[in-house]
Amino acid sequence: MTNSNDFHIAVFPGDGIGPEVIAPTLRLLDQAAERVGGFALSTSDCAAGALHYRDHGTALPKESLDVAAKADAILLAAMGMPSIRMPDGRELTPQIDLRMEYGLYAGVRPVKPVPGVKPVLADPRAHDVDYVIVRESTEGLFAPSAPGERDGDAEARETMVITRPICEKLFDFAFQLAQKRDGLRRVTSVDKANVFQAFAFWREIFDERAGRFGDIAADCAYVDAFAMTMAQKPWTIDVAVTENMFGDILSDLGAALMGGMGYAPSADIGDEHAVFQPCHGSAPDIAGKGLANPTAMILSSAMMLEWLGERHGASDPMRAGALIRRAVEAAFAGGDLVTCELGGDAGTARVFEAVGDALAGVSLEMLND
Ligand code: ATP
């Protein structure tokens, strides 16, 4: 950061639809910063991804990591390509490597349908759904400290790692989030403590940390039952905290319940760094066709502004984040903007145009509400 009102953003366009959704998002960010005033954003493009691996032999080059390490925030679109794999058959996942590199333990996955987008659930209460899945993002079944093993054609194993230091920080993060939200003031541990000792340990620590937040209710649910709750009565959820793999799966369910991957934003937050990226991947099936729904990318950029504002005690970036949210809501409000993802005819460019127009029209006074 050069001065207290200038923020430097490391931008990872990545693969597939990534570059298609991130370039116009950067223009919206500039538009929002200009309208609100009081701060400025500068950006550096960082090379990374499956295509970079194919062409240069590395998916996350050191130069990009160096830029990201110094930036105030990291904005990432999508990485990975099923057609480009490592010798052991796995896909390249530099977005996961970034979480490990910077200790981004709290994956924040809001599930809040955009008003005006046809709700997937028929119950009228589905309009009021507004909860957050906090996905632990550095260990669990993805822990690099316990790489899987394969014994030829006979057997393959993975290990789930749950550690006290990460759990304590994660649970505190979840309870503090519930304190900040205008929600039901409850944190739910989503686990499988009836079967796995790692989750019994997880629950022990959850109960300990819950005791420190007397103003927030705490309860626990088994992951299978919780998946049903997400589909049957999601309006009863406030903040749900869960292990990495469970969070990976449940947040895609959450995205589907919002209308699709293109509506689901996210943030991966650590003590010093944070990455903001849509929940979706590089979607190679629609890349290059102008069909991608950029809403998740746009809303992730709003989360970035809000995080920067909160972290630096600066109200202007927070107002710009709110402005982008309002613009998204205004663009979809009439119900006429139906994305290709939902069978409509609004491709990437149409959605950006609608959000950009709305952004120019939203009253700045409304942001104080
Ligand atoms: P990853 O594991 O890297 O998150 P994934 O395997 O979950 O990726 P995605 O790339 O997210 O896969 O794609 C899943 C499906 O969702 C695909 O059919 C894709 O076209 C669709 N999809 C993903 N993102 C969008 C988007 N922004 N707009 C429209 N459809 C999308």
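The structure presented is a predicted model; accordingly, all values stated were derived computationally and were not measured. First listed ligand is number 1; within each ligand, the first listed atom is number 1.
For atom 8 (O) of ligand 1, the nearest protein heavy atom lies under 4.0 Å away. There is a protein heavy atom closer than 4.0 angstrom to atom 18 (O) of ligand 1. Within 4.0 Å of atom 15 (C) of ligand 1, not a single protein heavy atom is present.
For ligand 1, the polar-atom distance check against Ala283 finds a nitrogen or oxygen pair separated by under 3.5 Å. Among the atoms of Gln95, none of the N or O lies under 3.5 angstrom from an N or O of ligand 1. Residue-to-ligand polar distances place Gly281 within reach of ligand 1: an N/O pair is separated by less than 3.5 Å.
Between Phe199 and Phe206, the ring centre distance reaches or exceeds 6.0 Å. Residues Trp307 and Phe7 keep their aromatic ring centres 6.0 Å or farther apart.
Annotation: Glu208, atom CD; neighbour count of heavy atoms from other residues, nucleotides and ligands within 6.0 Å is above 12.
Contact between Asp15 and Ala50 at its shortest, heavy atoms only, is OD2-N, 2.7 Å. Nearest heavy-atom pair, Ala69 versus His273, reported as atom, atom and distance to 0.1 Å: O-CE1, 3.0 Å.
A single hydrophobic cluster is not seen to contain both Met228 and Trp235; linkage of ILVMFWY side chains at heavy-atom distances under 4.5 Å, directly or through other members, places them apart.
Of the protein's non-hydrogen atoms, the one nearest atom 28 (N) of ligand 1 is Asn293 N, 2.9 Å. Atom 20 (O) of ligand 1 has Asp285 OD1, 2.8 Å as its closest protein atom, hydrogens excluded (heavy atom only). Atom 24 (N) of ligand 1 has His280 CB, 3.2 Å as its closest protein atom, hydrogens excluded (heavy atom only).
Panel note: side chain Thr138, backbone Tyr105; no donor-acceptor pair is recorded below 3.5 Å. A donor-acceptor pair under 3.5 Å links the side-chain atoms of Arg135 to the main chain of Asn244, judged by distance alone. Remark: side-chain polar atoms of Glu136 are not paired, donor with acceptor, to backbone N or O of Gly107 under 3.5 angstrom.
Under a 4.0 angstrom heavy-atom cut-off, Ser282 registers as being in contact with ligand 1. The closest approach between Ala292 and ligand 1 falls below 4.0 Å for a heavy atom of the residue.
Neither the backbone nor the side chain of Thr93 comes within 4.0 Å of ligand 1, counting heavy atoms alone.
Of all atoms in ligand 1, numbered sequentially from 1 with element shown, those under 4.0 Å from a heavy atom of Met261 are 16 (O), 23 (C), 24 (N).
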